[in-house]
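Because the structure is predicted, anything quoted here is derived from the model rather than measured. We number each residue from 1, following the sequence as shown.
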Amino acid sequence: MKYVYRIYQLFVALPVTIIATIVTALTVVAGCAIGSGHFWGYYPGRWWSKIITRIFLLPVTVEGRENIEPGHSYVFVANHQGAFDIFLIYGYLGRNFKWMMKRQIGKIPFVGFACRAAHHIFVDKRGPSKVKETYSQARKTLQSGMSLVVFPEGARTFTGHMGFFKKGAFMLADELQLPVVPLTINGSFRVMPRTRDCKWVLWHPLRLTIHQPIYPIGQGQQNVQAVMMQSYDSVMSALDAEYQGYEKNPDQ
């Protein structure tokens with residue numbers, strides 16, 4: 001079955017993915033230019049993500065959608081298992097949001113252009129002024145009522161285990177007194193970890209767990225630390241047993 005799946009990927013899934021990516025990117029750019037950036041910056045990407053998970057025949061399970069309320073602004077924080085994290089969250093979270101993403105993604109053909117048009121936020125660490133600009137953009141996004149999705153590890157895992165969380169997303173939530181919603185991703189590491197980028201996709205079910213929101217208990221460093229630790233524990237609690245426990249990520 002492994003080789004049948006590879007043949008299917010080569011002649012069906014890969015061509016559909018390339019075409020869908022180009023069409024989606026052009027749709028986002030055109031839609032954001034003439035219409036609502038909130039609509040066109042989200043829905044085409046959501047459909048694109050669902051097409052890709054389905055064309056690769058990957059079963060998706062979502063748990064905990066009842067934990068998030070319509071019309072509420074959240075800071076979503078997730079573990080970062082692999083490339084398919086993007087498709088799982090974009091396609092199945094069920095909430096309009098903006099990404100905080102690595103600056104390097106802006107260099108990907110079509111994808112980077114569409115992300116800029118949709119006003120997703122590129123994390124730029126090339127100096128204090130760039131970092132300040134990144135957080136200013138994120139702050140404006142949240143103040144407008146939009147939600148934000150962040151990978152607080154800042155890098156994909158090499159082993160499937162979690163590294164440590166960085167404070168940035170939690171400081172934003174603290175400043176604006178917004179709830180943080182932890183997300184646990186399972187399966188993406190098996191499908192395509194970073195050590196196998198641009199190689200064959202391996203079939204494995206994907207699961208997204210949406211935990212209960214964590215509301216601020218005050219404001220300041222103590223609240224930041226408390227929410228960050230609780231979020232970390234929540235994400236870890238729903239990880240598959242073989243990936244439980246912290247492991248150092250040399251890319252953090």
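Minimum interatomic distance between Ala114 and Val28 (heavy atoms only, all atoms of both residues): O-CG1, 3.6 Å. Here the closest heavy-atom approach between residue Gln219 and residue Asp174 is recorded as NE2-O, 3.1 Å. When all heavy atoms are compared, the tightest approach of Tyr8 to Ile55 is OH-O, 2.6 Å. The two residues Phe97 and Val149 come nearest to each other via the heavy atoms CD1-CG2, 3.3 Å. Here the shortest heavy-atom pairing between Thr141 and Ser147 reads CG2-O, 4.3 Å. The shortest heavy-atom contact between Ile214 and Pro182 is CD1-CG, 3.7 Å.
Looking at Ser136, its side chain never comes within 3.5 Å of a backbone N or O of Lys132 through a donor-acceptor pair. For the pair His161 (side chain) and Gly245 (backbone), a donor-acceptor distance under 3.5 Å is present. Counting only distance, with no hydrogens or angles, the side chain of Lys98 and the backbone of Ala118 share a donor-acceptor pair below 3.5 Å.
A single hydrophobic cluster is not seen to contain both Phe158 and Met236; linkage of ILVMFWY side chains at heavy-atom distances under 4.5 Å, directly or through other members, places them apart. The hydrophobic clustering, which links ILVMFWY residues whose side-chain heavy atoms are closer than 4.5 Å, places Val224 and Tyr74 apart. If you chain together hydrophobic residues whose side chains sit under 4.5 Å apart, Phe151 and Leu88 fall into the same group. Grouping the Ile, Leu, Val, Met, Phe, Trp and Tyr side chains by contacts below 4.5 angstrom, directly or via other members, places Val123 with Val75. Hydrophobic clustering places Val62 together with Phe76 (ILVMFWY residues linked when any side-chain heavy atoms are closer than 4.5 Å, directly or through intermediates).
Residues Val235 and Phe165 have side chains in contact (heavy-atom distance under 4.5 Å, counting atoms from C-beta outward). Contact check for Asp233 versus Ser237: no side-chain heavy atoms found under the 4.5 Å cut-off. Residues Thr61 and Pro205 are not in side-chain contact: their nearest non-hydrogen atoms beyond the backbone lie 4.5 Å or more apart. Contact check for Leu208 versus Ile185: side-chain heavy atoms found under the 4.5 Å cut-off. Looking at Leu148 and Leu178, their side chains never come closer than 4.5 Å, going by heavy atoms from C-beta outward. Under the 4.5 Å side-chain criterion, counting only non-hydrogen atoms from C-beta, Ile105 is not in contact with His120. Considering only heavy atoms from C-beta on, Leu202 stays 4.5 Å or farther from His204 through its side chain. At a threshold of 4.5 Å between non-hydrogen side-chain atoms, the residues Cys115 and Phe122 count as touching.
For the atom pair Met229 CE and Phe170 CZ, the distance stands at 11.5 Å (nearest 0.5 Å). Remark: Leu239 CG to Gln81 CD distance equals 6.0 Å, nearest 0.5 Å. Once rounded to the nearest 0.5 Å, the distance linking CE of Met171 with CE of Met228 reads 10.0 Å. Distance check: Met192 CE to Trp200 CH2 gives 10.5 Å after rounding to the nearest 0.5 Å. Annotation: the span from Gln230 atom CD to His211 atom NE2 amounts to 11.0 Å, rounded to 0.5 Å. In this structure, CE on Met100 lies 8.5 Å from CD on Gln137, to the nearest 0.5 angstrom.
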(message) Go through it in stages, so that I can follow the logic: the residues are Val29 and Phe113, the test is side-chain contact (heavy atoms from CB on, under 4.5 Å), and I'd like the CA-CA distance, side-chain angles, deciding distance and then a yes or no.
(response) CA-CA 8 Å; Val29 172; Phe113 192 34; 3.8 Å; yes

(message) Apply side-chain contact (heavy atoms from CB on, under 4.5 Å) to residues Val201 and Tyr5 and explain how you reach the verdict.
(response) CA-CA 9 Å; Val201 171; Tyr5 188 44; 3.9 Å; yes

(request) Would you check, one step at a time, whether the test side-chain contact (heavy atoms from CB on, under 4.5 Å) holds for Val181 with Ile210? (result) CA-CA 7 Å; Val181 178; Ile210 305 169; 3.8 Å; yes

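Within the 6.0 Å centre-distance limit, the rings of Tyr243 and Phe189 are counted as a close aromatic pair. Less than 6.0 angstrom separates the ring centroid of Trp99 from the ring centroid of Tyr90. Taking the six-membered ring for Trp, Trp203 and Phe56 have ring centres at least 6.0 Å apart.
The residues Asp251 and Arg194 are annotated as salt-bridged, a charged nitrogen and a carboxylate oxygen being separated by less than 4.0 angstrom. Under a 4.0 Å N-O distance rule, the pair Asp240/Arg190 does not qualify as a salt bridge.
The side-chain contact (heavy atoms from CB on, under 4.5 Å) check on Phe164 picks up Lys166, Tyr246, Gln252, with sequence neighbours excluded.
More than 12 heavy atoms of other residues, nucleotides or ligands shown are found within 6.0 angstrom of CD on Glu63.
Looking only at atom types and distance, the side chain of Thr27 has no donor-acceptor partner in the side chain of Trp40 under 3.5 Å away. A donor-acceptor contact closer than 3.5 angstrom links the side chains of Thr53 and Tyr92.
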